[in-house]
Amino acid sequence: MAGIFNFNADAENILNHQLLAQMLWYLLEGIDIQKTHPKERHYDTFWVLIDDQEFAFKRDSFTGLWYFGSDENIQKCVPCSQYEYDLAKNGVLSERLMK
């Protein structure tokens, strides 16, 4: 549901009309993008062994975003970068991920 409020169609300032057009454009673009995004997320899990401990890194197969943690609920995992994953492959795990 969307509403347009306080729009004066009789205003001489063209910025009002341009702003309304931009708002409608982004609304329609958002609706269109929502149709192409997958409803369920799929994650690729990569295991890294550091000092006899296994650590899980997950990558969202649609967006390419990285997460640290082995929990099935991705919201309980820590967002990280591919650089942090590459460091972990070399045996270095940042303190931020260890918290």
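All heavy atoms count here, side chains included; hydrogens, waters and symmetry mates do not. Position 1 is the first residue of the sequence; numbering continues from there. As the structure is a prediction and not an experimental result, all values here were calculated from the model.
Annotation for F57: hydrophobic cluster partners, listed by chain and number, are F46, V48, I50, F55, W66, F68, V78, Y85, L93, L97, M98 (ILVMFWY side-chain heavy atoms under 4.5 Å, direct or chained). Clustering of Ile, Leu, Val, Met, Phe, Trp and Tyr by side-chain heavy atoms under 4.5 Å joins V92 with Y83, L87.
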Would you list the atom pairs, donor with acceptor, under 3.5 Å between side chains in residues 12-30 and any protein atom, with sequence neighbours excluded?
{"unit_1": "N13", "atom_1": "OD1", "unit_2": "L15", "atom_2": "N", "d": "3.0"}
{"unit_1": "W25", "atom_1": "NE1", "unit_2": "E29", "atom_2": "OE1", "d": "3.3"}

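Closest non-hydrogen pair, P79 versus C77, comes out as CD-O, 3.6 Å. Closest approach of S94 and E84 over heavy atoms only: OG-OE2, 3.5 Å.
Remark: side-chain polar atoms of K76 are not paired, donor with acceptor, to backbone N or O of S70 under 3.5 angstrom.
Going from atom OG1 of T63 over to atom CG of L65 covers 3.5 Å, rounded to the nearest 0.5 Å.
Partners of K39 by side-chain contact (heavy atoms from CB on, under 4.5 Å), not counting sequence neighbours: none found. Residues that satisfy the side-chain contact (heavy atoms from CB on, under 4.5 Å) test with Q34, not counting sequence neighbours, are absent from this structure.
Among residues at least two apart or in separate chains, side-chain hydrogen bond (donor to acceptor under 3.5 Å, both in side chains) pairs with a member in residues 42-52 are D44-R59.
Annotation: side chain of R96 is in contact with side chain of C80 (closest heavy-atom distance under 4.5 Å).
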